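Reading through the C-alpha coordinates given below for one structure.
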2 protein chains.
Amino acid sequence: MARLSFREQVLRVREDAIVSSVNRLLAEKGFDSMTVDEVAADVGIAKASLYKHFASKEALAAAAMVRVLQRALQAIEAQSAIAEASAFERLRAVTRWTLQVQLAGEMPSLPSQNSTLRATLIADKTYVDLVMEVSERLGEWIVQAQQDGALTSRLPPEVILYTLFARACDPVLGFLKAGGQHSDEKIVEWVLSTCLDGLAARP
Amino acid sequence: MARLSFREQVLRVREDAIVSSVNRLLAEKGFDSMTVDEVAADVGIAKASLYKHFASKEALAAAAMVRVLQRALQAIEAQSAIAEASAFERLRAVTRWTLQVQLAGEMPSLPSQNSTLRATLIADKTYVDLVMEVSERLGEWIVQAQQDGALTSRLPPEVILYTLFARACDPVLGFLKAGGQHSDEKIVEWVLSTCLDGLAARP
DNA sequence: GTCTATAGCCAGATAGAC
DNA sequence: GTCTATCTGGCTATAGAC
(Lines give C-alpha, C1' and ligand atoms only; values in the text may rest on other atoms or scores of the structure.)
Protein backbone atom coordinates (compact mmCIF):
# COMPACT_ATOMS: atom_id res chain seq x y z
CA MET A 1 0.00 0.00 0.00
CA ALA A 2 2.81 2.41 0.87
CA ARG A 3 4.73 1.16 -2.19
CA LEU A 4 1.72 1.59 -4.41
CA SER A 5 1.11 5.07 -3.09
CA PHE A 6 4.72 5.96 -3.75
CA ARG A 7 4.44 4.71 -7.31
CA GLU A 8 1.32 6.70 -7.78
CA GLN A 9 3.10 9.75 -6.51
CA VAL A 10 5.91 9.24 -9.02
CA LEU A 11 3.30 8.88 -11.73
CA ARG A 12 1.58 12.07 -10.67
CA VAL A 13 4.83 13.99 -10.63
CA ARG A 14 5.66 12.75 -14.09
CA GLU A 15 2.26 13.63 -15.45
CA ASP A 16 2.43 17.00 -13.77
CA ALA A 17 5.69 17.68 -15.58
CA ILE A 18 4.01 16.71 -18.86
CA VAL A 19 1.07 19.01 -18.22
CA SER A 20 3.45 21.83 -17.33
CA SER A 21 5.24 21.49 -20.65
CA VAL A 22 1.98 21.26 -22.55
CA ASN A 23 0.66 24.30 -20.73
CA ARG A 24 3.68 26.40 -21.62
CA LEU A 25 3.85 25.22 -25.22
CA LEU A 26 0.14 25.83 -25.71
CA ALA A 27 0.60 29.37 -24.42
CA GLU A 28 3.63 29.90 -26.63
CA LYS A 29 2.55 28.41 -29.94
CA GLY A 30 -1.09 27.49 -29.71
CA PHE A 31 -2.63 24.06 -30.18
CA ASP A 32 -2.12 23.64 -33.92
CA SER A 33 1.53 24.66 -33.95
CA MET A 34 2.41 22.58 -30.93
CA THR A 35 3.64 19.10 -31.85
CA VAL A 36 3.64 16.04 -29.65
CA ASP A 37 7.31 15.56 -30.53
CA GLU A 38 8.07 18.93 -28.98
CA VAL A 39 6.21 18.03 -25.83
CA ALA A 40 8.11 14.77 -25.53
CA ALA A 41 11.43 16.50 -26.12
CA ASP A 42 10.57 19.20 -23.60
CA VAL A 43 9.63 16.68 -20.93
CA GLY A 44 12.62 14.54 -21.81
CA ILE A 45 10.85 11.28 -22.58
CA ALA A 46 9.98 9.36 -25.72
CA LYS A 47 6.85 10.22 -27.61
CA ALA A 48 5.47 6.71 -27.18
CA SER A 49 5.75 7.15 -23.42
CA LEU A 50 3.58 10.22 -23.63
CA TYR A 51 0.83 8.18 -25.21
CA LYS A 52 0.92 5.80 -22.23
CA HIS A 53 -0.18 8.73 -20.08
CA PHE A 54 -2.50 10.58 -22.44
CA ALA A 55 -4.58 9.09 -25.22
CA SER A 56 -4.16 11.90 -27.75
CA LYS A 57 -2.89 15.39 -28.40
CA GLU A 58 -6.37 16.65 -27.59
CA ALA A 59 -6.25 14.87 -24.24
CA LEU A 60 -3.01 16.69 -23.48
CA ALA A 61 -4.69 20.01 -24.17
CA ALA A 62 -7.66 19.04 -22.02
CA ALA A 63 -5.33 18.21 -19.12
CA ALA A 64 -3.70 21.62 -19.45
CA MET A 65 -7.09 23.31 -19.45
CA VAL A 66 -8.17 21.36 -16.39
CA ARG A 67 -5.12 22.50 -14.51
CA VAL A 68 -5.49 26.15 -15.39
CA LEU A 69 -9.16 26.01 -14.41
CA GLN A 70 -8.18 24.48 -11.08
CA ARG A 71 -5.76 27.33 -10.55
CA ALA A 72 -8.52 29.78 -11.47
CA LEU A 73 -10.80 28.19 -8.92
CA GLN A 74 -8.08 28.57 -6.32
CA ALA A 75 -7.79 32.25 -7.18
CA ILE A 76 -11.57 32.56 -6.85
CA GLU A 77 -11.55 30.86 -3.47
CA ALA A 78 -8.72 33.05 -2.28
CA GLN A 79 -10.93 36.05 -3.01
CA SER A 80 -13.91 34.46 -1.27
CA ALA A 81 -11.78 34.19 1.83
CA ILE A 82 -11.36 37.95 2.04
CA ALA A 83 -14.43 38.79 4.07
CA GLU A 84 -14.33 42.54 3.62
CA ALA A 85 -13.96 42.46 -0.20
CA SER A 86 -16.92 43.50 -2.33
CA ALA A 87 -18.13 41.41 -5.24
CA PHE A 88 -16.72 43.98 -7.64
CA GLU A 89 -13.32 43.93 -5.96
CA ARG A 90 -13.29 40.17 -6.15
CA LEU A 91 -14.10 40.20 -9.85
CA ARG A 92 -11.38 42.75 -10.46
CA ALA A 93 -8.83 40.71 -8.54
CA VAL A 94 -9.64 37.50 -10.40
CA THR A 95 -9.55 39.30 -13.74
CA ARG A 96 -6.17 40.76 -12.82
CA TRP A 97 -4.98 37.26 -11.98
CA THR A 98 -6.12 36.06 -15.42
CA LEU A 99 -4.21 38.85 -17.15
CA GLN A 100 -1.09 38.11 -15.13
CA VAL A 101 -1.22 34.44 -16.01
CA GLN A 102 -1.55 35.25 -19.70
CA LEU A 103 1.23 37.81 -19.61
CA ALA A 104 3.47 35.28 -17.86
CA GLY A 105 3.01 32.92 -20.81
CA GLU A 106 1.09 30.38 -18.75
CA MET A 107 -2.33 30.63 -20.35
CA PRO A 108 -2.94 27.84 -22.87
CA SER A 109 -4.60 29.08 -26.04
CA LEU A 110 -6.86 26.73 -27.97
CA PRO A 111 -8.60 27.32 -31.30
CA SER A 112 -12.33 27.58 -30.71
CA GLN A 113 -13.05 26.23 -34.19
CA ASN A 114 -11.28 22.84 -33.99
CA SER A 115 -14.12 20.34 -33.72
CA THR A 116 -12.06 17.34 -32.69
CA LEU A 117 -10.64 19.32 -29.81
CA ARG A 118 -14.06 20.59 -28.81
CA ALA A 119 -15.39 17.05 -28.77
CA THR A 120 -12.61 15.88 -26.49
CA LEU A 121 -13.15 18.81 -24.15
CA ILE A 122 -16.89 18.47 -23.73
CA ALA A 123 -16.48 14.73 -23.26
CA ASP A 124 -14.16 15.45 -20.34
CA LYS A 125 -16.37 15.66 -17.27
CA THR A 126 -13.65 17.17 -15.11
CA TYR A 127 -13.17 19.97 -17.61
CA VAL A 128 -16.87 20.65 -18.08
CA ASP A 129 -17.54 20.62 -14.34
CA LEU A 130 -14.73 23.08 -13.73
CA VAL A 131 -15.98 25.44 -16.42
CA MET A 132 -19.44 25.30 -14.87
CA GLU A 133 -18.08 25.85 -11.38
CA VAL A 134 -15.99 28.87 -12.40
CA SER A 135 -18.92 30.31 -14.36
CA GLU A 136 -21.29 29.95 -11.44
CA ARG A 137 -18.91 31.47 -8.93
CA LEU A 138 -18.23 34.46 -11.15
CA GLY A 139 -21.89 34.70 -12.10
CA GLU A 140 -22.89 35.14 -8.45
CA TRP A 141 -20.38 37.92 -7.99
CA ILE A 142 -21.55 39.62 -11.16
CA VAL A 143 -25.18 39.67 -10.03
CA GLN A 144 -24.13 40.89 -6.60
CA ALA A 145 -21.93 43.64 -8.03
CA GLN A 146 -24.80 44.77 -10.22
CA GLN A 147 -27.07 44.95 -7.18
CA ASP A 148 -24.36 46.93 -5.37
CA GLY A 149 -24.36 49.39 -8.24
CA ALA A 150 -20.69 48.71 -8.94
CA LEU A 151 -21.18 46.89 -12.25
CA THR A 152 -23.40 48.25 -14.99
CA SER A 153 -26.94 46.91 -15.05
CA ARG A 154 -27.32 47.80 -18.69
CA LEU A 155 -25.58 44.57 -19.71
CA PRO A 156 -26.88 41.05 -19.02
CA PRO A 157 -24.69 39.09 -16.59
CA GLU A 158 -24.01 36.65 -19.41
CA VAL A 159 -22.35 39.35 -21.49
CA ILE A 160 -20.22 40.45 -18.56
CA LEU A 161 -19.18 36.87 -17.83
CA TYR A 162 -18.10 36.26 -21.43
CA THR A 163 -16.26 39.57 -21.51
CA LEU A 164 -14.28 38.61 -18.43
CA PHE A 165 -13.55 35.12 -19.79
CA ALA A 166 -12.30 36.69 -23.01
CA ARG A 167 -9.58 38.56 -21.08
CA ALA A 168 -7.79 35.21 -20.85
CA CYS A 169 -6.98 35.44 -24.55
CA ASP A 170 -6.82 39.19 -25.04
CA PRO A 171 -4.17 39.88 -27.70
CA VAL A 172 -3.60 43.41 -26.40
CA LEU A 173 -1.34 42.08 -23.65
CA GLY A 174 0.91 40.42 -26.20
CA PHE A 175 0.98 43.52 -28.43
CA LEU A 176 2.07 45.73 -25.56
CA LYS A 177 4.55 43.20 -24.26
CA ALA A 178 6.05 42.81 -27.74
CA GLY A 179 6.63 46.56 -27.82
CA GLY A 180 8.94 46.10 -24.87
CA GLN A 181 8.31 49.64 -23.66
CA HIS A 182 6.29 48.95 -20.54
CA SER A 183 6.46 46.90 -17.37
CA ASP A 184 4.18 43.92 -16.92
CA GLU A 185 2.43 45.65 -14.03
CA LYS A 186 1.63 48.70 -16.15
CA ILE A 187 0.32 46.53 -18.99
CA VAL A 188 -1.94 44.56 -16.67
CA GLU A 189 -3.38 47.69 -15.08
CA TRP A 190 -3.99 49.31 -18.45
CA VAL A 191 -5.83 46.32 -19.88
CA LEU A 192 -7.76 45.91 -16.66
CA SER A 193 -8.78 49.55 -17.00
CA THR A 194 -9.90 49.17 -20.62
CA CYS A 195 -12.04 46.25 -19.47
CA LEU A 196 -13.65 47.74 -16.38
CA ASP A 197 -13.56 51.49 -17.02
CA GLY A 198 -13.87 51.41 -20.82
CA LEU A 199 -12.24 53.73 -23.32
CA ALA A 200 -14.68 56.61 -23.05
CA ALA A 201 -13.76 59.31 -20.55
CA ARG A 202 -15.33 59.16 -17.11
CA PRO A 203 -16.43 62.37 -15.40
CA MET B 1 -4.65 46.86 -75.58
CA ALA B 2 -8.39 46.49 -75.19
CA ARG B 3 -7.99 42.71 -75.37
CA LEU B 4 -5.22 42.77 -72.80
CA SER B 5 -7.27 44.94 -70.51
CA PHE B 6 -10.15 42.52 -70.84
CA ARG B 7 -7.96 39.60 -69.97
CA GLU B 8 -6.63 41.44 -66.99
CA GLN B 9 -10.17 42.10 -65.89
CA VAL B 10 -11.02 38.42 -66.15
CA LEU B 11 -7.93 37.67 -64.13
CA ARG B 12 -8.91 40.17 -61.47
CA VAL B 13 -12.41 38.78 -61.21
CA ARG B 14 -11.03 35.28 -60.80
CA GLU B 15 -8.58 36.34 -58.17
CA ASP B 16 -11.26 38.31 -56.42
CA ALA B 17 -13.37 35.16 -56.23
CA ILE B 18 -10.39 33.31 -54.74
CA VAL B 19 -9.82 35.99 -52.13
CA SER B 20 -13.52 35.95 -51.25
CA SER B 21 -13.40 32.24 -50.59
CA VAL B 22 -10.21 32.54 -48.60
CA ASN B 23 -11.69 35.37 -46.60
CA ARG B 24 -14.77 33.42 -45.65
CA LEU B 25 -12.89 30.21 -44.89
CA LEU B 26 -10.37 32.08 -42.76
CA ALA B 27 -13.22 33.61 -40.80
CA GLU B 28 -14.94 30.24 -40.43
CA LYS B 29 -12.09 27.91 -39.58
CA GLY B 30 -8.97 29.98 -39.02
CA PHE B 31 -5.70 29.74 -40.90
CA ASP B 32 -4.47 26.41 -39.56
CA SER B 33 -7.71 24.53 -40.15
CA MET B 34 -8.25 25.96 -43.61
CA THR B 35 -6.80 23.76 -46.35
CA VAL B 36 -5.80 24.82 -49.82
CA ASP B 37 -7.87 21.93 -51.18
CA GLU B 38 -10.94 23.46 -49.58
CA VAL B 39 -10.21 26.81 -51.12
CA ALA B 40 -9.82 25.27 -54.56
CA ALA B 41 -13.03 23.29 -54.17
CA ASP B 42 -14.88 26.37 -52.96
CA VAL B 43 -13.70 28.46 -55.88
CA GLY B 44 -14.31 25.58 -58.28
CA ILE B 45 -10.83 25.29 -59.77
CA ALA B 46 -7.95 22.87 -59.39
CA LYS B 47 -5.47 23.34 -56.61
CA ALA B 48 -2.61 23.72 -59.08
CA SER B 49 -4.44 26.62 -60.67
CA LEU B 50 -4.56 28.37 -57.32
CA TYR B 51 -0.81 28.22 -57.13
CA LYS B 52 -0.58 30.01 -60.48
CA HIS B 53 -2.25 32.98 -58.81
CA PHE B 54 -0.78 32.83 -55.32
CA ALA B 55 2.60 31.47 -54.32
CA SER B 56 1.58 29.85 -51.06
CA LYS B 57 -1.13 29.38 -48.48
CA GLU B 58 0.39 32.28 -46.57
CA ALA B 59 0.10 34.48 -49.65
CA LEU B 60 -3.59 33.63 -49.82
CA ALA B 61 -4.03 34.78 -46.25
CA ALA B 62 -2.09 37.95 -46.93
CA ALA B 63 -4.36 38.74 -49.87
CA ALA B 64 -7.41 38.31 -47.67
CA MET B 65 -5.92 40.61 -45.06
CA VAL B 66 -5.13 43.22 -47.70
CA ARG B 67 -8.70 43.22 -48.85
CA VAL B 68 -10.23 43.52 -45.42
CA LEU B 69 -7.82 46.36 -44.63
CA GLN B 70 -8.87 48.10 -47.81
CA ARG B 71 -12.49 47.75 -46.73
CA ALA B 72 -11.55 49.14 -43.31
CA LEU B 73 -9.91 52.11 -44.95
CA GLN B 74 -13.08 52.70 -46.94
CA ALA B 75 -15.09 52.66 -43.72
CA ILE B 76 -12.64 55.13 -42.23
CA GLU B 77 -12.93 57.43 -45.20
CA ALA B 78 -16.69 57.23 -45.11
CA GLN B 79 -16.53 58.56 -41.56
CA SER B 80 -14.08 61.29 -42.54
CA ALA B 81 -16.62 62.49 -45.06
CA ILE B 82 -19.16 63.21 -42.33
CA ALA B 83 -18.17 66.76 -41.50
CA GLU B 84 -20.20 67.14 -38.34
CA ALA B 85 -19.02 63.89 -36.71
CA SER B 86 -16.68 64.13 -33.74
CA ALA B 87 -13.51 62.05 -33.53
CA PHE B 88 -15.13 59.90 -30.85
CA GLU B 89 -18.21 59.27 -32.98
CA ARG B 90 -15.99 58.30 -35.89
CA LEU B 91 -14.06 55.83 -33.77
CA ARG B 92 -17.28 54.34 -32.47
CA ALA B 93 -18.68 53.98 -35.98
CA VAL B 94 -15.56 52.28 -37.30
CA THR B 95 -15.42 49.96 -34.30
CA ARG B 96 -19.07 49.07 -34.87
CA TRP B 97 -18.25 48.33 -38.49
CA THR B 98 -15.47 45.98 -37.34
CA LEU B 99 -17.81 44.11 -35.02
CA GLN B 100 -20.41 43.80 -37.74
CA VAL B 101 -17.89 42.37 -40.18
CA GLN B 102 -16.75 39.82 -37.63
CA LEU B 103 -20.28 38.85 -36.70
CA ALA B 104 -21.12 38.42 -40.38
CA GLY B 105 -18.32 35.84 -40.65
CA GLU B 106 -16.25 38.02 -42.92
CA MET B 107 -13.29 38.76 -40.67
CA PRO B 108 -10.31 36.50 -41.41
CA SER B 109 -8.66 35.22 -38.24
CA LEU B 110 -4.95 34.49 -38.29
CA PRO B 111 -2.81 32.98 -35.53
CA SER B 112 -0.45 35.65 -34.21
CA GLN B 113 2.15 33.01 -33.30
CA ASN B 114 2.74 31.42 -36.73
CA SER B 115 6.16 32.72 -37.75
CA THR B 116 6.01 31.69 -41.41
CA LEU B 117 2.76 33.58 -41.79
CA ARG B 118 4.16 36.61 -39.99
CA ALA B 119 7.16 36.63 -42.29
CA THR B 120 4.97 36.57 -45.38
CA LEU B 121 2.81 39.38 -44.02
CA ILE B 122 5.59 41.78 -43.09
CA ALA B 123 7.28 41.09 -46.42
CA ASP B 124 4.09 42.22 -48.17
CA LYS B 125 4.46 45.97 -48.67
CA THR B 126 0.80 46.45 -49.55
CA TYR B 127 -0.24 44.81 -46.32
CA VAL B 128 2.25 46.71 -44.17
CA ASP B 129 1.37 50.04 -45.77
CA LEU B 130 -2.32 49.44 -45.18
CA VAL B 131 -1.79 48.55 -41.53
CA MET B 132 0.25 51.73 -41.11
CA GLU B 133 -2.35 53.83 -42.87
CA VAL B 134 -5.23 52.48 -40.79
CA SER B 135 -3.20 52.91 -37.60
CA GLU B 136 -2.34 56.50 -38.41
CA ARG B 137 -5.87 57.45 -39.33
CA LEU B 138 -7.27 55.94 -36.14
CA GLY B 139 -4.38 57.34 -34.12
CA GLU B 140 -5.25 60.88 -35.16
CA TRP B 141 -8.85 60.41 -34.12
CA ILE B 142 -7.79 58.94 -30.80
CA VAL B 143 -5.60 61.92 -29.94
CA GLN B 144 -8.34 64.30 -31.04
CA ALA B 145 -10.98 62.49 -29.00
CA GLN B 146 -8.72 62.63 -25.95
CA GLN B 147 -8.30 66.38 -26.44
CA ASP B 148 -12.07 66.68 -26.76
CA GLY B 149 -12.43 64.93 -23.42
CA ALA B 150 -14.44 62.13 -25.01
CA LEU B 151 -11.82 59.41 -24.67
CA THR B 152 -9.96 58.79 -21.42
CA SER B 153 -6.58 60.47 -21.14
CA ARG B 154 -5.45 58.00 -18.53
CA LEU B 155 -4.50 55.51 -21.25
CA PRO B 156 -1.78 56.05 -23.90
CA PRO B 157 -3.17 56.31 -27.45
CA GLU B 158 -1.22 53.16 -28.27
CA VAL B 159 -3.21 51.14 -25.72
CA ILE B 160 -6.48 52.48 -27.07
CA LEU B 161 -5.48 51.70 -30.64
CA TYR B 162 -4.58 48.10 -29.81
CA THR B 163 -7.77 47.70 -27.83
CA LEU B 164 -9.83 48.81 -30.82
CA PHE B 165 -7.86 46.56 -33.18
CA ALA B 166 -8.48 43.63 -30.85
CA ARG B 167 -12.25 44.00 -31.31
CA ALA B 168 -11.72 42.45 -34.75
CA CYS B 169 -11.08 39.11 -33.08
CA ASP B 170 -13.17 39.42 -29.95
CA PRO B 171 -14.50 35.94 -29.12
CA VAL B 172 -17.42 37.40 -27.16
CA LEU B 173 -19.33 38.02 -30.38
CA GLY B 174 -19.07 34.36 -31.30
CA PHE B 175 -20.08 33.20 -27.81
CA LEU B 176 -23.21 35.34 -27.84
CA LYS B 177 -24.07 34.40 -31.40
CA ALA B 178 -23.64 30.71 -30.59
CA GLY B 179 -26.16 31.12 -27.79
CA GLY B 180 -28.70 32.04 -30.44
CA GLN B 181 -30.70 34.11 -27.98
CA HIS B 182 -29.99 37.59 -29.29
CA SER B 183 -30.14 39.57 -32.50
CA ASP B 184 -26.94 40.59 -34.24
CA GLU B 185 -27.72 44.26 -33.60
CA LYS B 186 -28.09 43.68 -29.87
CA ILE B 187 -24.82 41.71 -29.73
CA VAL B 188 -22.92 44.42 -31.57
CA GLU B 189 -24.25 47.18 -29.30
CA TRP B 190 -23.47 45.21 -26.17
CA VAL B 191 -19.89 44.47 -27.16
CA LEU B 192 -19.44 48.04 -28.31
CA SER B 193 -20.63 49.13 -24.89
CA THR B 194 -18.25 46.81 -23.04
CA CYS B 195 -15.46 48.32 -25.11
CA LEU B 196 -16.27 52.02 -24.81
CA ASP B 197 -18.24 52.25 -21.55
CA GLY B 198 -16.56 49.40 -19.67
CA LEU B 199 -18.14 46.98 -17.24
CA ALA B 200 -18.10 49.21 -14.18
CA ALA B 201 -21.24 51.25 -13.57
CA ARG B 202 -21.29 54.83 -14.77
CA PRO B 203 -22.94 57.50 -12.65
C1' DG C 1 6.35 2.03 -18.79
C1' DT C 2 10.27 3.19 -21.42
C1' DC C 3 12.48 3.09 -25.65
C1' DT C 4 13.41 2.84 -31.22
C1' DA C 5 11.41 2.43 -35.36
C1' DT C 6 7.72 2.88 -38.37
C1' DA C 7 3.06 2.85 -40.05
C1' DG C 8 -0.51 5.77 -41.95
C1' DC C 9 -2.29 9.90 -43.22
C1' DC C 10 -2.91 14.40 -44.65
C1' DA C 11 -1.80 18.79 -46.58
C1' DG C 12 1.26 21.96 -49.15
C1' DA C 13 3.41 22.24 -53.31
C1' DT C 14 4.80 20.75 -58.13
C1' DA C 15 5.35 18.09 -62.83
C1' DG C 16 3.87 17.84 -67.11
C1' DA C 17 0.23 17.19 -70.60
C1' DC C 18 -3.08 20.07 -72.95
C1' DG D 1 -3.68 28.97 -67.18
C1' DT D 2 -6.14 24.86 -66.36
C1' DC D 3 -6.19 20.27 -65.41
C1' DT D 4 -4.82 15.25 -63.27
C1' DA D 5 -1.59 12.90 -60.93
C1' DT D 6 2.08 12.82 -57.88
C1' DC D 7 5.80 14.10 -54.84
C1' DT D 8 7.39 15.39 -50.31
C1' DG D 9 7.56 16.33 -45.61
C1' DG D 10 5.77 16.40 -41.23
C1' DC D 11 2.72 14.92 -37.82
C1' DT D 12 -0.27 11.75 -34.98
C1' DA D 13 -0.36 7.43 -33.38
C1' DT D 14 1.23 2.59 -32.68
C1' DA D 15 4.04 -1.92 -32.89
C1' DG D 16 7.09 -4.48 -30.58
C1' DA D 17 11.46 -5.27 -28.09
C1' DC D 18 13.21 -4.68 -23.41
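Below, read A as the first sequence line, B as the second, and so on, with proteins coming before strands; counting in each chain starts at 1. All values below come from the heavy atoms of this structure, side chains included, with hydrogens, waters and symmetry mates left out. Only a predicted model underlies this, so the values are computations on that prediction, with no experimental measurement involved.
- Heavy-atom distances to DNA chain C give each of M34(B) and A46(A) a nearest nucleotide, and the one nearer the 5′ end belongs to A46(A).
- Side-chain N/O atoms of H182(A) and E158(B) include a donor and acceptor closer than 3.5 Å.
- Atom CD1 of I45(A) is separated from atom P of dG1(C) by 12 Å (rounded to the nearest Å).
- In this structure, S49(A) reaches the bases: a heavy-atom distance under 4.0 Å links it to at least one base atom across the strands shown.
- Per the geometry, NZ belonging to K57(B) stands 19 Å off P belonging to dG9(D), to the nearest Å.
- Counting non-hydrogen atoms under 4.0 angstrom, K52(B) reaches a base of the nucleic acid.
- In this structure, Y51(B) reaches the dA13(C) phosphate: one of its side-chain N or O atoms is under 4.0 Å from OP1 or OP2.
- Taking a cutoff of 4.0 Å between a charged side-chain nitrogen and a carboxylate oxygen, R137(A) and E133(A) qualify as a salt bridge.
- At the phosphate of dG1(C), neither OP1 nor OP2 sits under 4.0 Å from any side-chain N or O atom of R7(A).
- With salt bridges taken as basic N to acidic carboxylate O contacts below 4.0 Å, none links R12(B) and E8(B).
- Here dA5(D) presents its P atom at 14 Å from CG of D37(B), a figure rounded to the nearest Å.
- The interatomic distance linking K47(B) (NZ) with dT2(D) (P) rounds to 16 Å, in whole Å.
- Remark: P of dT14(C) and CG of L50(B) are 13 Å apart, rounded to the nearest angstrom.
- Atom C1' of nucleotide dA11(C) and atom CG of N114(B) are separated by 14 Å, given to the nearest angstrom.
- For the pair L25(B) CG and dG12(C) P, the interatomic distance rounds to 12 Å; values are reported in whole Å.
- Between the P atom of dC3(C) and the CZ atom of R14(A) lies a distance of 7 Å, rounded to the nearest Å.
- The closest donor-acceptor contact from the side chain of R167(A) to the backbone of T95(A) lies at 3.5 Å or more, if one exists at all.
- Here dT4(D) is the nucleotide among dA11(C), dT4(D), dA13(C) with the atom lying nearest to any side-chain atom of A48(B).
- A side-chain donor-acceptor contact under 3.5 Å links S20(B) and R67(B).
- Residue S56(A) places its side chain closer to dA13(D) than to any other of dA13(D), dA13(C), dT4(C).
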